[in-house]
Amino acid sequence: MNTKSRLLGMAFAAADTLVELDADGRISLALGAGPCPQSPVVESWTGTRLTDLVGKAGQKQLADALKSIRPSVRTAPIDALMVCGSDRVRKARLRFFQLPDLAPAVSCSITYDGAPFTLDLPEAPQLLSADGLLTRVRGSLLEANAALAVAFVDVPGLAVEGEAQQRAAARVAAVLQASSIDGSSAARLTPERFALVRASEDKSDLATEVRDAAAAEGLELIVRTTEAALSGVVSADSTVRALRFALEACIREGGIDGAGAALSESLKRTLDQADRFRAMVQAREFTLEYQPIVDLVSGVTHHFEALARFGSRGPADSIRLAEELGLIEGFDLAVVEKTLQQLRRPGFGLTKIAVNVSGASLGSDGYVDGLLRLTASAPDIRKRILIEVTETAAVADIEAAARRLSGLRRAGIRVCLDDFGVGAASLDYLHRLPADTVKIDGRFVRDIVSDQRARDLVSHLVELCADLKMATIAEMIETEEQKTTIRGLGVGYGQGWLFGRPAAEPTNAGSSSVATRRVGAVEGWS
């Protein structure tokens with residue numbers, strides 16, 4: 001007996017079927033037994049993709065394994081269901097190995113487990129969560145240029161307790177999973193609400209398929225579906241963020257009836273808003289108003305905060321939208337650009353202005369590089385800028401953000417931690433982000449006169465900041481009593497309607513300009 005026959009016998013002792021795949025994952029050689037006696041001989045598999053021979057739920061796992069295979073490294077076993085005709089399958093375990101001498105060809109062994117069986121009642125597949133769906137959307141959009149859509153399915157009555165409902169839920173989950181683009185991109189958002197990613201050209205009637213699945217368990221349910229395109233509208237990152245924004249808004253505000261349509265409309269509306277916001281920033285179609293921050297001892301205006309205004313709309317929703325859609329960095333730099341124009345105007349040579357920057361903008365070097373570039377022609381103007389880091393979006397990488405803020409401070413730009421409270425994020429920022437000033441959240445100032453706990457808290461915060469050599473600002477001061485109490489607790493600066501409301505130009509109350517005495521002079525923050 002020759003060595004080749006011996007090796008082949010040993011291989012069949014370890015597996016039922018031997019397959020060789022080409023670089024495209026197509027079968028170039030197949031030997032051994034098929035998954036079912038009535039199946040065609042495995043030699044007929046030649047030219048077929050291996051992923052086409054398994055159930056849809058296992059196709060992505062096989063494809064990912066083939067992409068990640070390395071020469072001389074045997075993959076971990078992969079469990080899948082091999083197709084044995086229209087409605088029968090057989091459990092199988094597959095392993096891959098690539099000999100360097102045969103690369104890019106890949107060897108595959110298939111071992112069958114148990115007898116073939118019919119998929120009567122499907123075992124309820126593990127559906128994704130909303131976050132899992134978003135992760136899958138991001139991967140699908142970034143890894144493949146296929147035209148994709150997200151479909152939303154509402155099945156009122158499915159969450160009612162009962163054996164029939166449980167069995168119907170398993171069938172519905174299996175239908176949706178099989179209809180998703182890779183057999184594993186369906187999610188259960190609520191007990192009766194589902195979503196899945198599928199190809200845009202897939203015109204199968206999801207509502208009918210889901211209705212039939214429930215009818216198989218004797219349930220007559222009303223099924224509502226709607227669909228929204230995910231490709232070709234904005235960038236993949238912006239689309240994922242828009243989908244998250246739309247999902248949150250709909251689940252928070254909508255009910256079962258029409259929820260899918262609401263999600264679809266919310267997604268489309270959000271993407272439209274993204275386009276409008278991007279155009280607004282590009283055209284600089286927003287204004288800035290300036291509110292004074294005063295020295296609580298002398299009563300003199302120390303600097304101003306630049307506050308963005310979007311016509312009749314409030315800024316909070318627009319800022320959050322920009323953060324969710326990854327548009328905030330460009331907007332934050334546009335605010336800096338407008339602020340610099342104001343600082344360079346004749347008569348404002350002593351003016352100092354604070355501008356807000358979202359924590360999300362500190363996620364890359366773009367904001368810091370842009371700010372330094374905008375001030376490169378007149379570096380002395382950096383002494384009149386304060387950056388207020390807001391907590392509207394969490395800083396994802398604090399260490400990286402700390403390095404970026406340190407670079408700004410070395411360039412002469414001061415840093416303030418805005419909206420400082422008692423939460424873990426605030427304390428973590430205080431501990432790890434380099435800053436010169438801390439702005440105390442107005443919620444503590446509002447009841448400072450009557451609330452002893454608020455006074456104690458602010459007092460301790462002031463002491464902590466003093467130990468760290470940081471100045472303190474209290475916002476939302478509206479009465480003389482609040483000002484007196486805040487000043488008595490050691491807070492250095494105050495902001496609020498008591499000292500002046502936001503105005504189109506940075507001016508002191510009762511004065512035409514904060515810097516009329518020395519036009520063009522430059523003054524530091526100390």
Side-chain angles (χ1 to χ4, degrees), residues 11-12 14-69 73-98 104-128 132 136 139-140 143-144 146 170-171 173-186 196-199 202 204 209 213:
F12 280 122
D16 297 303
T17 308
L18 305 177
V19 171
E20 184 176 276
L21 308 174
D22 63 18
D24 294 326
R26 294 184 182 276
I27 297 173
S28 56
L29 176 67
L31 301 171
C36 300
Q38 65 271 33
S39 297
V41 294
V42 295
E43 286 79 1
S44 67
W45 290 356
T46 302
T48 304
R49 290 187 184 278
L50 179 62
T51 50
D52 292 338
L53 299 178
V54 303
K56 199 168 183 180
Q59 291 177 357
K60 186 175 188 302
Q61 189 178 13
L62 286 183
D64 289 345
L66 288 171
K67 282 189 209 175
S68 61
I69 197 168
V73 177
R74 183 186 294 110
T75 66
I78 298 173
D79 293 323
L81 294 177
M82 299 292 294
V83 177
C84 302
S86 60
D87 62 348
R88 289 170 64 78
V89 294
R90 189 175 183 183
K91 292 182 180 179
R93 176 161 289 190
L94 296 83
R95 285 181 181 271
F96 298 110
F97 186 79
Q98 186 179 66
V106 175
S107 301
C108 171
S109 66
I110 305 174
T111 304
Y112 303 115
D113 180 18
F117 60 95
T118 302
L119 284 175
D120 183 12
L121 175 65
E123 182 178 350
Q126 186 66 39
L127 298 183
L128 299 169
R136 190 62 54 81
S140 298
E143 293 175 6
R171 289 187 180 276
V175 166
L176 297 179
Q177 199 77 294
S179 298
S180 66
I181 187 171
D182 55 5
S184 58
S185 292
L196 63 145
V197 180
R198 63 177 189 162
D202 187 348
S204 58
E209 292 181 12

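Computation of the quantities below employed the complete heavy-atom set of this structure, encompassing side-chain atoms and omitting hydrogens, waters and symmetry-equivalent molecules.
Closest non-hydrogen pair, P77 versus R93, comes out as CB-CD, 3.5 Å. Between C108 and L50 the shortest heavy-atom distance is SG-CD2, 4.2 Å. Closest approach of G47 and R26 over heavy atoms only: O-NH1, 3.0 Å. Between D22 and S28 the shortest heavy-atom distance is N-OG, 4.3 Å. The two residues E209 and S179 have their closest heavy-atom pair at OE1-OG, 3.5 Å. Here the closest non-hydrogen pair linking S184 and S180 is N-OG, 3.2 Å.
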Any chance you could lay out the side chain to side chain contact (heavy atoms under 4.5 Å, CB included) test for K91 and L81, step after step, and finish with the verdict? CA-CA 5 Å; K91 292 182 180 179; L81 294 177; 3.8 Å; yes
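At a threshold of 4.5 Å between non-hydrogen side-chain atoms, the residues I27 and L53 count as touching.
Considering CE of M82 and CG of L94, their distance stands at 6.0 Å, rounded to 0.5 Å. Rounding to the nearest 0.5 angstrom, the gap separating the CD atom in E43 from the CG atom in L29 is 8.5 Å. R74 CZ to Q98 CD: the interatomic distance, rounded to the nearest 0.5 Å, is 14.0 Å. The structure places CH2 of W45 at 5.0 Å from OG1 of T17, a figure rounded to the nearest 0.5 Å.
For the side-chain contact (heavy atoms from CB on, under 4.5 Å) criterion with I110, the lone passing option out of V19, L18, D16 is V19. Just one of V106, T75, D24 meets the side-chain contact (heavy atoms from CB on, under 4.5 Å) condition when paired with L66; it is V106.
Using modelled atom types, one side-chain atom of Q177 and one backbone atom of A186 make a donor-acceptor pair closer than 3.5 Å.
For the residue pair R198/S204, the side-chain donor-acceptor check at 3.5 Å is satisfied.
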